[in-house]
Number of protein chains: 2
Amino acid sequence: MSTQSIFAPAQIGRAGEDIAMQLEAAILGEKILPGERLPSERELQTQFQCGRGVIREAIRALKQKGLVEIRKGAKGGAYVKNIEMTNVGESLALFLKQQRVAPGHIVEFRESIDRVIVVLAIARASAAEKQALIAETEKLLEILEGETPDRDSLARQDQILNIALAKMSRNPIFEWVMTAIQQGFSSHDYALYDDPVYCRKTVENWHATACRIAENDPMKALNSISAHYGLLHRCVENQKAESKNVSADGPDTAQVS
Amino acid sequence: MSTQSIFAPAQIGRAGEDIAMQLEAAILGEKILPGERLPSERELQTQFQCGRGVIREAIRALKQKGLVEIRKGAKGGAYVKNIEMTNVGESLALFLKQQRVAPGHIVEFRESIDRVIVVLAIARASAAEKQALIAETEKLLEILEGETPDRDSLARQDQILNIALAKMSRNPIFEWVMTAIQQGFSSHDYALYDDPVYCRKTVENWHATACRIAENDPMKALNSISAHYGLLHRCVENQKAESKNVSADGPDTAQVS
DNA sequence: AGCAAGAGAATGGTACTACCAAACAAAAGA
DNA sequence: TCTTTTGTTTGGTAGTACCATTCTCTTGCT
């Protein structure tokens, strides 16, 4: 009943953007709550006094932002939903890709974030959570010891660990940042697990870090984190060096310096 | 070197998304370089063998992601551009708004980021940049001393300072994070400048921080940062207390039938 | 009565046409 | 040569028609 009055026709310039803004404002202002439906395209068409194409473009914009989910058929339409962290991460990933941000920058950023997260996690997470984190690292060890230590499983478990740790910081922003970075640059972590030498060290280091956290020993935990990123940094450097040599020489197995 | 061969008609399901993906892939894969133009809507229409509306929706999606910029008129069309940090920040701002992330979390996150940035800036930025930073803080002082210390000017200068400092870290990711957070939560900073007491302290603190950075004294600089966020934290707490006293009136909860 | 098949309606997805407005380019005129 | 006009290209919008999907309600059979 109320949607008839909250929208106004838009004559000026780019009507599509204007409509998208009105709809977005209605959603963010909680005029339309998550789970509820926007009026159908044809209804909006009459309310806004414009063509259906304009409405469609506006709704597509909202969909791209992750504000709504679109269903077909009767009772279909644009349903308001909660924004997921992955949606935001996607745009960051795009940015990182296009700007060709150096892997070293990512590593540096992640290390600084992780250091803060670890301190917060030690201070705030429950003992149960800390034990659970150790259990997850042990899963990682099991995968490594198993007969088929495939890279994907390791990488996935690594992601789970990172997110779990971020959650323990009790600050959703750290959790989001970690998710976004993982999404945008998981490829470099994979590289770490491709090399058998780095792989073993990394896994053991994860376990050690989790233990230090459970022991509520921030200093030692930070040392473990530093070690982890030291490995990652060297690995990235090796990759960089390799990719330069590939043209002249065959791909050589990476070695520890 | 023609776009006639790199795109394929899409029959399956949501043709619009398929086309958007193809175009995005072409851009990210550098088939079309920044500054160049996508074919016109009508050309793409024939290449993809579909209606113009579908093409438009696909291009609008790219525009929303910040991948292209659309111009009207002859020689108009969708021009590939570099993604700007503000585009990515927008989606983060949406997320923070919708998830109702507590201001305290933002303050905590910003403080931890700023601490890292300050250390990096001291280590990496040139002396000239550090002097420039001090000059910017002095501008802030001037605005405050001036006859019309309006909040907007102060807030704008505050943003400039934050971004400038982030740039000095020589890591674009920190710069982006700072931009994104500013965009998403400038309102809380504004609050700091609304209160005359906090305002003066904050401005003086900014100046002190810049000086500590120029002196290459990380410890004292970090102390300044802590002081800044201590102020911000108290300010946010005050606001929270105030808003609780007001909220008895009840927010107007408009709802849709 | 109960269940299944089918008809109907609502809704997004697509195609096509027509026209407008803006921006640029080339021709025409001073 | 410079200015004005005209034309062309291109995005922006309106409107219509039709299809595919999904839900609902009716019909009809058991």
Side-chain angles (χ1 to χ4, degrees), chain A residues 1 3-4 7-23 27 32 35-81, chain B residues 2-4 7-23 27 32 35-81 256-257:
Chain A
M1 188 51 82
T3 55
Q4 290 180 4
F7 297 136
Q11 302 293 348
I12 51 120
R14 288 144 157 63
E17 292 182 9
D18 191 74
I19 290 173
M21 273 176 26
Q22 284 194 48
L23 292 174
I27 293 172
I32 305 171
E36 288 181 351
R37 222 197 58 167
L38 264 66
S40 75
E41 293 178 354
R42 290 172 178 85
E43 268 180 73
L44 289 172
Q45 184 179 351
T46 66
Q47 285 192 29
F48 282 110
Q49 284 294 307
C50 66
R52 200 175 146 211
V54 177
I55 302 291
R56 284 186 60 77
E57 285 183 5
I59 291 181
R60 283 293 273 228
L62 298 183
K63 182 193 171 188
Q64 208 288 328
K65 290 186 182 180
L67 280 169
V68 299
E69 165 200 359
I70 295 175
R71 299 183 205 148
K72 277 190 300 190
K75 273 199 70 180
Y79 285 80
V80 177
K81 69 168 187 177
Chain B
S2 78
T3 55
Q4 291 179 6
F7 298 136
Q11 301 292 349
I12 51 125
R14 285 137 152 75
E17 292 182 9
D18 193 74
I19 290 174
M21 274 176 26
Q22 284 193 50
L23 292 174
I27 293 171
I32 306 171
E36 287 181 352
R37 223 196 58 164
L38 265 65
S40 74
E41 293 179 353
R42 291 170 176 87
E43 267 181 73
L44 289 171
Q45 182 180 353
T46 65
Q47 284 192 29
F48 281 111
Q49 285 294 308
C50 66
R52 199 175 146 210
V54 177
I55 301 291
R56 284 186 60 78
E57 285 183 5
I59 291 182
R60 285 295 273 230
L62 298 184
K63 182 193 171 189
Q64 210 289 326
K65 289 187 182 182
L67 280 169
V68 299
E69 165 201 0
I70 296 176
R71 300 183 205 149
K72 278 191 299 191
K75 283 289 194 73
Y79 285 79
V80 176
K81 69 168 188 177
V256 187
S257 63

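Predicted model only: the values in this text are computed from it and were never measured. All heavy atoms count here, side chains included; hydrogens, waters and symmetry mates do not. To find a chain, count down the sequence lines: A is the first, B the second, and so on, and within it residues start at 1.
- Atom pair Ile70(B):CD1 and dA22(C):C1' shows a separation of 15 Å (rounding to whole Å applied).
- Between Glu17(A) and Gly73(A), it is Glu17(A) whose nearest contact on DNA chain D lies nearer the 5' terminus.
- Nucleic acid contact class of Arg52(A) (heavy atoms, under 4.0 Å, all strands): base.
- Distance CD (Glu57(A)) to P (dG12(C)): 16 Å, rounded to an integer number of Å.
- A salt bridge links Lys63(A) with Glu17(B); the closest basic N to acidic carboxylate O contact falls under 4.0 Å.
- With contacts defined as side-chain heavy-atom distances shorter than 4.5 Å, the pair Ile55(B)/Phe48(B) qualifies.
- Within the nucleic acid shown, Gly77(A) comes within 4.0 Å of sugar-phosphate atoms alone, with no base atom in reach, counting heavy atoms only.
- A donor-acceptor contact under 3.5 Å is not formed by the side chain of Arg71(A) with the base of dG12(C).
- Of the candidate nucleotides dA14(D), dT10(D), dA15(C), dT10(D) has the atom lying nearest to any side-chain atom of Arg37(B).
- Atoms CD (Glu69(B)) and P (dG11(D)) sit 13 Å apart, rounded to a whole Å.
- In this structure, Tyr79(B) places its OH atom 15 Å from P of dT9(D), rounding to the nearest Å.
- Note: CD (Glu43(B)) to P (dT9(D)) measures 11 Å, nearest angstrom.
- We find that Glu69(A) and Lys81(A) are not joined by a salt bridge, their nearest charged nitrogen and carboxylate oxygen being 4.0 Å or further apart.
- Among dC23(D), dG11(D), dG13(C), the nucleotide with an atom closest to any side-chain atom of Arg56(B) is dG11(D).
- Lys72(A) has no side-chain polar atom (N or O) that falls below the 4.0 Å cut-off from OP1 or OP2 of dG13(C).
- For Glu41(B) against Ile59(B), the heavy-atom pair with the smallest separation is CG-CD1, 4.1 Å.
- In the set dG12(C), dA10(C), dT24(D), the nucleotide with an atom closest to the side chain of Ala74(A) is dA10(C).
- Distances shorter than 4.0 Å separate none of the side-chain N or O atoms of Arg60(B) from OP1 or OP2 on dG11(D).
- Residue Ile59(A) is out of contact with every strand shown, counting any heavy-atom pair closer than 4.0 Å.
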